[in-house]
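Per chain, numbering begins at 1; letters A, B, ... match sequence-line order.
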Protein chains: 2
Amino acid sequence: MPDSPGDTILIPTKERLFLSAAELFSKNGYNGVSVRDICRSVGIKESSFYNHYPSKDALLEEVYRRFTDGMNSNTPSEELVDQLVRTTDPIEFWLSSYRRYYKNSVSTLEGLLWRIISMEQYRDPRAGEAILKETERTLSLGTLIFSKMIEHKKIPPHDPETLAHEFFYAGRAIHLEYLVLSAYGWDTAEVEMRSEEHIRFFVGKIVLMEA
Amino acid sequence: MPDSPGDTILIPTKERLFLSAAELFSKNGYNGVSVRDICRSVGIKESSFYNHYPSKDALLEEVYRRFTDGMNSNTPSEELVDQLVRTTDPIEFWLSSYRRYYKNSVSTLEGLLWRIISMEQYRDPRAGEAILKETERTLSLGTLIFSKMIEHKKIPPHDPETLAHEFFYAGRAIHLEYLVLSAYGWDTAEVEMRSEEHIRFFVGKIVLMEA
DNA sequence: GTCTATATGGTGATAGAC
DNA sequence: GTCTATCACCATATAGAC
C-alpha cells in the first residue's frame, strides 16, 4: 500500500542532504561547512554524497534556486492583494504581514535560505543577484499594495513607488537586525517593537499627510 | 635621519599582513581565505606569519577591534554637530553626509572592515555584536542631530529618536544594496539615486510636515 | 624576523566492491 | 545507493637553523 495515507513518509537521502546542508550553511557559512560535516549529520559516508550531488557547489546552487523559486511562488496575485487591502485597515494589514514574516524568517526553510544568501552575497555574485532580485520583487509588491491602498482611499494619494521604497528599505534593515539577534538567541523584543513602531509611524504619517 | 620628512616609509610586515588579510577577507570571507593566501600576497612564508600573529583568528579579532575603534573615533562631538546643523540646510546636510559615507565605504579600510563584519555577523557573535553596537551608535548620533535640528528650528518638533530610526534604518538598507552592487562592479547609479530620493522624501515630506 | 622542514589533520572528489 | 579505500592537495600551526 505505498500510497496509503498514514504510511511512514521516508525523506529521500538527497533531500536530507540538502536540508542538513542548509541548516549547517546558515550557521557556519558555506566555507565553514565541509561535505564531511553534512554527511555526518545525515549518517552516510562522503563517497555516497556524490551519488546525489555532483559537487558541494551544487548544494549552493540549489539554495539559490529554491530561494528564487520560493520567492516567486510566494508573490500574491493582484486580486488577492486587492481583496486584502479592501477589507483591512492599513496599519493592521502591515502589522500582521510583518508578524507573519518575522515568524517565518526563523522557523522555515526559506528563512534559512535567506540567511545563507545574506552571508554569501558579498563573495558570490549568484547570491548577490538573488538578493537584488528579491529586493526588487518586494518593492514591486509594495508598490502594488500602496497603489491599491490609494485606489481604495485607505491612504491619501502619493507616489506609491516612493512610499514602497521608504517603507520597505527601513523594514528590511530592522528585519536584518532581528535575524542577527535571533541567530544567537539574543533578545529580540526591542527590535520587534521598533518594527511595529516603524509601521505605526510610517502609515500614521502618510494617512495624516496632505498630498 | 630616520624621522626626516620625505624618507621612504616602510610599512611593517605586521601591518601589511593585516591590510592584505582585510582585502582578501572582504572579497572571499574569512573562511574563504587561508593563511597561505595572505602570506603569498605579502611575500613571506607561512611560518613567518606566526611571528606577527598568534593565529589566523587573531586577524579577525583585529578586524573587529579596528572597526569598533574607528567607529568610536569617527563620532563627532556635540559641539561640531551643533555647528554643522546651525550652518547647513537639513537636506544639504544629509546629502553631503551620505555622499561622503558612500564614497568612504568603497575606498577606505573602514569600508573593507564593514563588509567583512557584514559577512561574518551571522556566524560569529563578535561580528554580530560589532554590527549591533555600530547600529546603536548611528541611531544615537542621528537622534542627537535631529534634536539639534529641532532646537535650531531647522525642522518642526517630532520625537528625534523616532525620526532617527526611520531615517537611518532605510538609509542602512539602501547602503547595503550599494555595497553588494559595488562588490561586483555592477551599476550603482540607481541605488545612489534612491539614497538621495530617500533623503529628499524623508526630510522634505515627513520631517518638514507640521507635527 | 626570515627561512626550510615538518607535524597533524582536514578537504573535495574518485575507484570499485557489494 | 551504499560502503571501504584511497588520492592529491590544502589547512593551521610548530621546531629550529640562520
Side-chain angles (χ1 to χ4, degrees), chain A residues 2 7-66 116-117 119-120 122-127, chain B residues 2 7-65 116-117 119-120 123-127:
Chain A
D7 273 14
T8 300
I9 308 288
L10 282 180
I11 300 174
T13 305
K14 180 169 184 177
E15 182 67 6
R16 292 168 61 218
L17 283 168
F18 177 75
L19 295 176
S20 281
E23 185 83 37
L24 291 166
F25 289 165
S26 80
K27 274 188 199 131
N28 306 320
Y30 177 78
N31 279 323
V33 177
S34 66
V35 176
R36 266 210 235 304
D37 296 329
I38 299 163
C39 291
R40 189 186 309 125
S41 89
V42 162
I44 63 167
K45 295 292 172 187
E46 294 146 74
S47 51
S48 299
F49 170 83
Y50 295 93
N51 278 315
H52 304 281
Y53 288 97
S55 67
K56 185 189 170 192
D57 183 78
L59 284 169
L60 198 50
E61 275 288 1
E62 188 158 340
V63 166
Y64 301 145
R65 193 182 55 70
R66 291 212 201 187
I116 297 167
I117 292 174
M119 282 192 257
E120 308 302 331
Y122 295 103
R123 57 159 211 94
D124 184 343
R126 295 169 299 178
Chain B
D7 274 15
T8 300
I9 308 288
L10 281 180
I11 301 174
T13 305
K14 180 169 184 176
E15 183 67 5
R16 292 169 61 218
L17 283 168
F18 177 75
L19 295 175
S20 281
E23 185 84 38
L24 290 167
F25 289 165
S26 80
K27 274 190 198 128
N28 306 319
Y30 176 77
N31 278 324
V33 176
S34 64
V35 177
R36 266 212 237 301
D37 296 329
I38 299 163
C39 291
R40 189 185 311 123
S41 88
V42 162
I44 63 167
K45 296 292 173 188
E46 293 145 78
S47 51
S48 298
F49 169 84
Y50 296 93
N51 277 314
H52 303 281
Y53 288 97
S55 69
K56 185 189 170 193
D57 184 78
L59 283 169
L60 198 49
E61 276 287 3
E62 187 159 342
V63 166
Y64 301 144
R65 192 181 56 70
I116 297 167
I117 292 174
M119 282 192 256
E120 308 302 331
R123 56 158 213 94
D124 185 342
R126 296 168 298 178

## Note on the structure
Atom CZ of Arg40(A) and atom C1' of dG10(C) are separated, to the nearest Å, by 11 Å
#### Entry: Presence of Ser34(B) side-chain N/O under 4.0 Å of dC10(D) phosphate oxygens OP1/OP2
no
#### Entry: Side chain of Tyr50(B) - closest among dT12(D), dT14(C), dA13(C)
dT12(D)
### Task
Please state how far atom NZ in Lys45(B) lies from atom C1' in dC18(D), giving the value in whole angstrom units.
16 Å
### Side chains of Tyr53(A) and Val35(A) in contact at under 4.5 Å (non-hydrogen atoms)
no
### Query
Is Ser47(A) side chain donor-acceptor paired with the dT4(D) base, going by distance under 3.5 Å alone?
yes
### Query
Is the number of heavy atoms from other residues, nucleotides or ligands within 6.0 Å of NZ (Lys45(A)) greater than 12?
no
#### Entry: Ion pair check, Glu23(B) and Lys27(B), cut-off under 4.0 Å
yes
### Query
For the pair made of CD in Glu46(A) and P in dC3(D), what is the distance, rounded to whole Å?
11 Å
### Task
Grab the CZ-C1' distance between Arg16(A) and dG1(D) for me, whole Å please.
13 Å
### Summary
Here the distance between atom P of dA13(C) and atom CD1 of Ile38(A), to the nearest Å, is 11 Å
#### Entry: Salt-bridge contact Glu120(B)-Arg126(B) (side-chain N to carboxylate O under 4.0 Å)
no
### Query
Do any side-chain nitrogens or oxygens of Arg36(B) fall under 4.0 Å of OP1 or OP2 in dA11(D)?
yes
## Note on the structure
Whole-Å distance, Leu10(A) CG to dG1(D) P, equals 12 Å
### Side-chain (Tyr122(A)) to main-chain (Asn28(B)) donor-acceptor, under 3.5 angstrom
no
### Whole-Å distance separating the CZ atom of Phe49(A) from the P atom of dG10(C)
19 Å
### Query
What nucleic acid atoms does Lys56(A) come within less than 4.0 Å of, heavy atoms only: base, sugar-phosphate, or nothing?
sugar-phosphate
## Note on the structure
When rounded to whole Å, the CD1 to P distance for the pair Ile44(A) and dG12(C) reads 14 Å
### Message
Taking only side-chain N and O atoms of Ser48(B), does any of them lie within less than 4.0 angstrom of OP1 or OP2 on dG1(C)?
### Response
no
